[in-house]
Structures are given as structure tokens and as C-alpha cells.
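From a predicted model like this one, the values you see are computed outputs, not experimental measurements.
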Amino acid sequence: MLGLIHSLLAITVREDQSQSSRTYVLEKAASQREDAGEEYQNGIYISCWSEVTSMITLPSLQTLNNVGAALTMKRLWEVAMSTGKYDLARSNCHHVAQAVYNACVPDSHAQLQVLEIPNARWVRVAAIVKPLNYLGLNLLNSHALGSQSCTSQSQGSQSTLVSECTGSSLQHFPLHTVGEAGHMNPGHLKAACLAKWIYSPKREELTGLGGLLNINLHVLRQMGDENPTPVQWAVLEDEDAFYVTFKGTDNFVDVVIDFDLTLTDFCDMRVHNGISGGLQHKPPDGKSVLDELEECLGSVSVQNAKEVILCGHSLGGGYAILAALFLLYRGFHVTQVVTFGAPQVLVPDMDNPGCRWLDEITTLYVNAWDPVPRLPACLEWLELLARIGVSLAGFIHVRPTFLQDTIDRFKRFRHGYGLVGRLAFVAWHSSFIRCGLCSGEVEWLLCSPPPQEHATCARRLCEFHLMDEYLKILKAAAES
């Protein structure tokens, strides 16, 4: 379901020259049997092939025949045990499969050894975002197919949402009840275009994008083998400003970061641990996002006095807010922060100079009943999402019972979270924008639950959060 696979070894053994044989399965998993004895230490499981064959749907990745009589199951078990206790980043199911398989390869055929493990890209970032076991969210850990503790099986089919819309998906959002009418800032449309572009960045698509002219791409960091961090971002320059844009949630690592709601100290404030951790992580022999961003802006800002605008959608908006807080803390002149459907990522503290300045320059766009800007502080929205089982980020389905258990834990961390900046509500049926400070009636509308036709419509609530929707609305507002 998440695009990942679990590795195991099917090992066929024969006694002496006998034609009879048995096939065993050797694997490693994070789950541990309650009655685990020595044979299950370090998460190593040995079971019969017949127990797991019905759960295997993919062909074998590697096959090795006639490895010789010197190897025994006991010897292979010892190799597996030597990999140590289960560790997602250093000793998971793929690592043990690689070690045992390579131990079976004769020295004379060293070229047959496996050098790269499956899911290598995700394993490299595992050290950045630890599994949230204390929240009961084992999103990254594997489970042994042969373990008696495994009570369910992942399916390869795509998930479906719990409910469908029964009314009009264009039900009007009561824009007229809040704030004051506003006008589209031209720089905000450019920010929206870049917040969409960074999900799948292509240099050739930049020219003319949302009015961006003479664009210069200074930095582009895409999540991949050469960039083992969870943050995808870019620094761009046009005739008017420097733009720093961050990608939002679109893979399981992003979901883990989203879920790490514990508060941590950052720039003399209390902020979202997962998001600040992603920005501060330093890969081996590399720089953190914040270090590289500071270096890049420091080298270009001395040459001109252009605006510096940070932007992003969803999780990317959270990155933009905390990155701006860091730059302000370091003495940079950030002129605007523009987010689209961003979650709440800090505890407002107006005694903090950086927080006060951030409050002055930040605009938080909210598309009608988009659930993400309401989280994690709005209790009614947490309970609503638990009831209807919304698919987080539109790509990973969470069973309602699981989500309810998760949200019960989230309630412990929601206290203190809030917003800084100016809320800008938008809706598809309207050509204008309603703006207001994050207080009073504007904040009340943010925390109010949606009408019944949307409260039972998981699909439509997800659609409110799509960056495509934000961009379509802002383009229409700019043309009106």
C-alpha cells in the first residue's frame, strides 16, 4: 500500500544425498512474539514455507542454487543473529536477507552478491524520522509473515474512502461572515505556482509560470539517493524577489513527520518536532536544509535588496513557517511567508521578537473546509476525521478504528498549538478573498465543523486540501 516491500529468504535444504527436501523461511521483523525464546531473538524468525506462501505475491528478486554442503540452517541463523537487534535504518528485514544471501555465495562467484537492498531510498532517511512507536504508529516497521503475532496482511489493491458525497461538492463556504474583503497579491500567485511546481520540479516549466519572468534557479534539492533528507525544496529568483518553496506531504516519510506532534525548542520557541527535525537534519558529510538555505541567501542578498518570500503547501507550508522563523532569528530580512493549507506548527509567543515579526509577514491561505489548517488544535475536527476515516494526504488510507486510536493520542499533544499571521479564506464559488487576523470570528470559523453534507464526505474534504484547488481559486481571483 505504501510502495514498500518486505524481504525474506526461502531456503531449501536436503539431508546428505537424499532427494527429500524442506523449505524454510528466514526473515527479520520489528514485531516480537510475547513467548519469544532464543530462536526469536533480534527479531529473527524461521518458519515453514507452507505457512507464508499464500501471502507472497511478488516473484523472487534473487535466486542461488547449489551453494554447497558446508552451510546449515544453524549457520545461516547465526549469520542472521549477527546483524543485531532490529533497527529500521541499520538492521531491518532487507539487511538480514542481504547478509544471509551473500553468506551463501561462494567466493568464486563473488559477482553474484547483492550490493543494494530494496527500499534503499527510504532506509537512508529512516535515521531522520524515527518511527513513532510511542504514538502507536508503526508506519515504517515490518512484520514477519511467519510470526503468529501477525494478525493481518497488507493488500496490494488501492484503498477506497469510507464515504462519498451525497450533496453538491460546491456547497458555499460562508466567506461573507468573516474578516474583510482582500485582493490578490501578485507575489502570492507566484508563490502558489511554485508550491505546486516543487512537487514535481522541472526547470523547463518555470518560465512564465504564474507571471514568473527571467527566472533563475539557485538551489533545487529533490528527495533521492543523493539527498537523503525528507525535505524537497528550491530557491528561485525572478525580477522581483527570491522565492524559497517547500514540497508538502506525498510519501510515507512525510506522513511520519506530520504525525510527530511533540513540541521541541527551536529559535527560542516551542515548535513541531517532526518539521523542525527535518529542517535541521544533517546527512553524512552534508549540510542541513537550514545551513544550506542560510548560505544560499547570504551569498545573494548582499548583491541586491529584493524581497525574500518563503512558501509551501501542506507540510511544505509548515517548513516555510519554521524556516522563516530560523532566518529571522539569524538576522535575515524575510519579507513574506505564504502558505496554502498548512498545519499548525508552533506555539504562538508574542513576547518573542521573531514570532511577532512572523505574525506580521505571514499569510495562511485556507480553502473553505480544508481540514489540515485546523490540525492539531481543533478538537472537533480531530474527532470528525476519526469518524469518517479521511485518507491522509489523499494517498494513504487509514482505517477509522486505527485513526481514532491515533487521534486519541494526538489529543495529548494538541494543547498550545496555534497560528501566527493573517488567515486568508478562499472558496471556489467566490472571486474574492476574505482576510483576518488569527483571532476572534476568523479563528472561530477555522475551528467550526463543516456542514453535514461535507462532514460525511471524506472525498470532498480531501479535495479542499489539494494544491490544484488552491491554485485554481487563486488564478480565478487574480483574473477577476
What I want to check is whether the side chains of [X] and [Y] have a donor and an acceptor closer together than 3.5 Å.
{"X": "Y470", "Y": "H465", "value": "no"}
{"X": "T83", "Y": "H95", "value": "no"}
{"X": "K28", "Y": "S91", "value": "yes"}
{"X": "D268", "Y": "N352", "value": "no"}

Does M467 form a side chain to side chain contact (heavy atoms under 4.5 Å, CB included) with F340? I'd like the steps, not just the answer. CA-CA 7 Å; M467 188 58 218; F340 309 92; 3.9 Å; yes

Given the rule in the side chain to side chain contact (heavy atoms under 4.5 Å, CB included) test, do E27 and V96 qualify, once you have shown the distances and angles that lead to the verdict? CA-CA 7 Å; E27 56 187 325; V96 75; over 6 Å; no

Would you please name every residue forming a salt bridge (charged side-chain N to carboxylate O under 4.0 Å, His left out) with R330, sequence neighbours left out?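 Here the qualifying residues are E294.
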
Excluding sequence neighbours, so at least two apart, what forms salt bridge (charged side-chain N to carboxylate O under 4.0 Å, His left out) with D351?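 Testing D351 for salt bridge (charged side-chain N to carboxylate O under 4.0 Å, His left out), a comparison that skips the adjacent residues, returns none.
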
Check whether any side-chain heavy atom of [X] lies under 4.5 Å from a side-chain heavy atom of [Y], and answer yes or no.
{"X": "C355", "Y": "M269", "value": "yes"}
{"X": "C311", "Y": "V337", "value": "no"}
{"X": "Y243", "Y": "K306", "value": "no"}
{"X": "L322", "Y": "L279", "value": "yes"}
{"X": "I198", "Y": "K196", "value": "no"}
{"X": "M350", "Y": "V420", "value": "yes"}
{"X": "L189", "Y": "K475", "value": "yes"}
{"X": "Q280", "Y": "F266", "value": "yes"}

Should the ring pair Y319 and F246 be called parallel, tilted or perpendicular, given that the plane angle runs from 0 to 90° and is split at 30 and 60?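 Rings of Y319 and F246: tilted, 30 to 60°.
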
Rounded at 0.5 Å granularity, tell me how far [atom1] in [X] sits from [atom2] in [Y].
{"X": "I361", "Y": "H333", "atom1": "CD1", "atom2": "NE2", "answer": "8.0 Å"}
{"X": "D370", "Y": "E463", "atom1": "CG", "atom2": "CD", "answer": "12.0 Å"}
{"X": "Q98", "Y": "N92", "atom1": "CD", "atom2": "CG", "answer": "10.0 Å"}
{"X": "T362", "Y": "L419", "atom1": "OG1", "atom2": "CG", "answer": "10.5 Å"}
{"X": "D254", "Y": "L315", "atom1": "CG", "atom2": "CG", "answer": "5.5 Å"}

Can you name the nearest heavy-atom pair linking [X] to [Y], along with the distance?
{"X": "Y199", "Y": "S314", "result": "OH-CB, 4.2 Å"}
{"X": "A427", "Y": "N367", "result": "CA-OD1, 4.0 Å"}
{"X": "S7", "Y": "A97", "result": "CB-CB, 4.0 Å"}
{"X": "L328", "Y": "L358", "result": "CD1-N, 4.0 Å"}
{"X": "H272", "Y": "L261", "result": "NE2-CD2, 3.6 Å"}
{"X": "E292", "Y": "W233", "result": "OE1-CZ2, 3.8 Å"}

I'd like to know if the side chain of [X] reaches the main chain of [Y], judged simply by a donor and an acceptor atom lying under 3.5 Å from each other, with no hydrogens or angles considered.
{"X": "E237", "Y": "I215", "value": "no"}
{"X": "E380", "Y": "P449", "value": "no"}
{"X": "S276", "Y": "N273", "value": "yes"}
{"X": "W381", "Y": "L375", "value": "no"}
{"X": "T339", "Y": "G312", "value": "no"}
{"X": "T245", "Y": "L194", "value": "yes"}
{"X": "R374", "Y": "L446", "value": "yes"}
{"X": "Q344", "Y": "A377", "value": "yes"}

Does V256 form a side chain to side chain contact (heavy atoms under 4.5 Å, CB included) with D260? I'd like the steps, not just the answer. CA-CA 6 Å; V256 174; D260 189 356; 5.9 Å; no

Short N-O contact, K190 and D238, less than 4.0 angstrom: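 A salt bridge links K190 with D238.
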
Looking at R422 and E360, is any side-chain nitrogen of the basic one under 4.0 Å from a carboxylate oxygen of the acidic one?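 No, this pair does not count.
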
Decide yes or no on side chain to side chain contact (heavy atoms under 4.5 Å, CB included) for L327 and L310, but give the supporting numbers first. CA-CA 10 Å; L327 291 173; L310 280 74; 4.2 Å; yes

Y365 ring center within less than 6.0 Å of H188 ring center: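 Ring centres of Y365 and H188 closer than 6.0 Å.
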
Please test K282 against D291 for salt bridge (charged side-chain N to carboxylate O under 4.0 Å, His left out), starting from the C-alpha separation and ending with a verdict. CA-CA 9 Å; K282 291 186 178 181; D291 290 340; 3.2 Å; yes

